[in-house]
Amino acid sequence: MKFVIVFVALFAVAFAAPADSDAQTLRFDSDVLPSSFNYAYETSNGIKEDAQGELHNEGSENEAIAVRGSYSFVADDGQTYTVTYVADENGFQPQGAHLPVAPEA
């Protein structure tokens, strides 16, 4: 049940961002199961997102959701920016050509 609650919360956050009121949904796919989910959508203003998640260590003290996904959008400068990410027990780990990279330790 925690998995579904967390998924719904993540989904709500994704759609809570300010949106272009004229944008149309071109594609929306979603599959939510008790221990995994995936979704993808695309809008007419260039926004795309997809994610896949699964519950790890179900029922244990170390129960956690691991998510892999990406999103892209067209910024005010006309550039399309894409972020790929993993979100798991190690935190949110985004990657993108426009994002800074920490120096090697």
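When every heavy atom of S35 is checked against every heavy atom of E58, the shortest pair comes out as CB-OE1, 3.9 Å. Across all their heavy atoms, A51 and Y85 have their closest contact at CB-OH, 3.6 Å.
Summarising the local packing, CG of D76 is surrounded by 12 or fewer heavy atoms from other residues, nucleotides or ligands at distances under 6.0 Å.
In terms of the ring-ring contact (aromatic ring centres under 6.0 Å, His included) criterion, residue partners of Y81 (sequence neighbours excluded) are, by chain and number, F73, H98. Checked against side chain to side chain contact (heavy atoms under 4.5 Å, CB included), N90 has the following partners two or more places apart in sequence or in another chain: D88, Q93. For E89, there are no side chain to side chain contact (heavy atoms under 4.5 Å, CB included) partners, not counting sequence neighbours. In this structure, S72 has no side-chain hydrogen bond (donor to acceptor under 3.5 Å, both in side chains) partners at least two apart in sequence or on a different chain. Checked against side chain to side chain contact (heavy atoms under 4.5 Å, CB included), Q95 has the following partners two or more places apart in sequence or in another chain: T84. In this view, N62 and N57, S60 satisfy the side chain to side chain contact (heavy atoms under 4.5 Å, CB included) rule, not counting sequence neighbours. Looking at residues two or more places apart in sequence or on another chain, you find a salt bridge (Lys or Arg N to Asp or Glu O under 4.0 Å) between D29 and R27.
To the nearest 0.5 angstrom, T25 atom OG1 is 9.0 Å from Y41 atom OH. The OG1 atom of T82 sits 10.5 Å away from the CG atom of L99 when rounded to the nearest 0.5 Å. Interatomic distance, CG of L55 versus OG of S36, reported as 9.0 Å (0.5 Å rounding). In this structure, OG1 on T43 lies 11.5 Å from CG on D22, to the nearest 0.5 angstrom.
Side-chain atoms of E54 and H56, non-hydrogen and from C-beta on, do get closer than 4.5 Å to each other.
With hydrogens and angles left out, the side-chain atoms of Y39 and Q52 include no donor and acceptor closer than 3.5 Å. Residues S70 and D50 bring a donor and an acceptor atom of their side chains to less than 3.5 Å of each other.
Grouping the Ile, Leu, Val, Met, Phe, Trp and Tyr side chains by contacts below 4.5 angstrom, directly or via other members, places V101 apart from V83.
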